[in-house]
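Down below is the structure, laid out as structure tokens.
Just so it is clear, the values below take in all heavy atoms, side chains as well, and ignore hydrogens, waters and symmetry mates.
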Amino acid sequence: MTEGTTTTAAEGSDTLTRLEQEGEIAADYLEGLLDIADLDGDIDMDVEADRAAVSIISDSARDLQKLVGRDGEVLEALQELTRLAVHRETGDRSRLMLDIAGFRAQKREVLAALGAKAADEVKSSGEPVKLDPMTPFERKVVHDAIAAAGLRSQSEGEEPQRFVVVLPA
């Protein structure tokens with residue numbers, strides 16, 4: 001192995017270790033919150049797309065709906081609080097993704113379909129298509145779906161009214 005390859009492998013290993021540490025810190029924080037709220041849930045940790053991913057799952061997803069809130073508003077707030085807890089422990093900004101009761105996984109499927117539909121519309125009409133305002137997570141999923149369809153997209157507007165524009169090829 002050359003020195004450059006060794007360095008790259010070591011950097012990848014360091015990144016994975018750092019992300020796993022973020023997941024463990026987040027899991028501890030979230031377990032504490034579940035205890036305080038007297039809710040049952042299991043914590044699942046993973047690393048996806050160069051970020052720690054933590055999920056709270058339960059046999060009774062209905063109990064966890066309180067932690068999702070309307071349109072995922074409580075979930076977004078808990079994700080930010082969890083990122084702050086990780087930051088406090090590590091000193092580094094976290095891009096951790098939190099999912100509760102499969103809310104984000106289901107949302108990802110719906111958004112990917114929306115992105116694919118918008119891409120088809122742009123391909124057939126040749127005109128740009130503006131989508132409704134979305135959260136950063138939602139925009140990212142739509143941008144990925146549009147890129148997979150072979151088109152370009154961009155975000156426009158100011159938060160919280162930022163939206164995706166799908167552009168012709």
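You'll find the side chain of D99 reaches within 4.5 Å of the side chain of F103, heavy atoms only. Using a 4.5 Å cut-off on side-chain heavy atoms (C-beta onward), S155 and H143 make contact. Put simply, the side chain of L81 reaches to within 4.5 Å of the side chain of Y29, judged on heavy atoms. Taking 4.5 Å as the limit, every side-chain heavy atom of T135 sits out of range of all side-chain heavy atoms of D71. In this structure, the side chains of V142 and L131 come closer than 4.5 Å at one or more pairs of heavy atoms. D63 is not listed as a side-chain neighbour of D40, based on a closest heavy-atom distance of 4.5 Å or more.
Counting all heavy atoms, side chain and backbone alike, G126 lies closest to P168 at O-CG, 3.2 Å. Of all heavy-atom pairs between I146 and G115, the closest is CG1-O, 3.8 Å. Nearest heavy-atom pair, A112 versus V141, reported as atom, atom and distance to 0.1 Å: N-CG1, 3.9 Å. Taking both residues in full, the closest heavy atoms of A101 and Q65 are given as CB-NE2, 3.9 Å, listed atom of the first, atom of the second, then distance. Of all heavy-atom pairs spanning A27 and I43, the tightest one is CB-CG2, 3.6 Å. Scanning both residues, R51 and R83, for their nearest heavy atoms gives NH1-NH2, 4.0 Å.
Residue M97 is not grouped with residue L78 when hydrophobic side chains (ILVMFWY) are merged at heavy-atom distances under 4.5 angstrom, including chains of intermediate members. Taken together through direct or relayed side-chain contacts under 4.5 Å among Ile, Leu, Val, Met, Phe, Trp and Tyr, L64 and M45 form part of one hydrophobic cluster. By the rule that hydrophobic residues join a cluster once side-chain heavy atoms approach within less than 4.5 Å of another member, V74 and L96 end up as members of one cluster. Under a hydrophobic-cluster definition in which Ile, Leu, Val, Met, Phe, Trp and Tyr are linked whenever side-chain heavy atoms come within less than 4.5 Å, directly or via other members, V129 and F163 are assigned to different clusters. Both F137 and L114 belong to a common hydrophobic cluster when Ile, Leu, Val, Met, Phe, Trp and Tyr are linked at side-chain heavy-atom distances under 4.5 angstrom.
Under the 3.5 Å distance criterion, the side-chain polar atoms of R104 are matched with a main-chain donor or acceptor of L98. Judged purely by atom type and a 3.5 angstrom limit, K66 has no side-chain atom pairing as donor or acceptor with the backbone of L39.
Atom NZ of K123 sits in a crowded spot, with more than 12 heavy atoms from other residues, nucleotides or ligands closer than 6.0 Å. Around NZ of K107, the count of heavy atoms belonging to other residues, nucleotides or ligands within 6.0 Å exceeds 12. Atom CD of E159 sits in a crowded spot, with more than 12 heavy atoms from other residues, nucleotides or ligands closer than 6.0 Å. Counting non-hydrogen atoms of other residues, nucleotides and ligands closer than 6.0 Å to CG of D38 gives a total of 12 or fewer.
When the side-chain hydrogen bond (donor to acceptor under 3.5 Å, both in side chains) test is applied to R108, no partner is found at least two apart in sequence or on another chain. Residues forming a salt bridge (charged side-chain N to carboxylate O under 4.0 Å, His left out) with R95 (at least two apart in sequence, or on another chain): none.
For the atom pair CD (E20) and OG1 (T15), the distance works out to 11.0 Å, reported to the nearest 0.5 Å. In this structure, the separation between CD on E138 and CD on E76 is 7.5 Å, given to the nearest 0.5 Å. The distance from the CE atom of M134 to the CZ atom of R162 is 12.5 Å, given to the nearest 0.5 Å. One distance of note links CD1 of I100 with CD1 of I56; it measures 4.5 Å at 0.5 Å rounding. To the nearest 0.5 Å, atoms CG (D28) and OG1 (T82) are separated by 11.5 Å. With rounding to the nearest 0.5 Å, the separation of CZ in R18 from OG1 in T90 is 8.5 Å.
A donor-acceptor pair shorter than 3.5 Å cannot be found between the side chains of H87 and S94.
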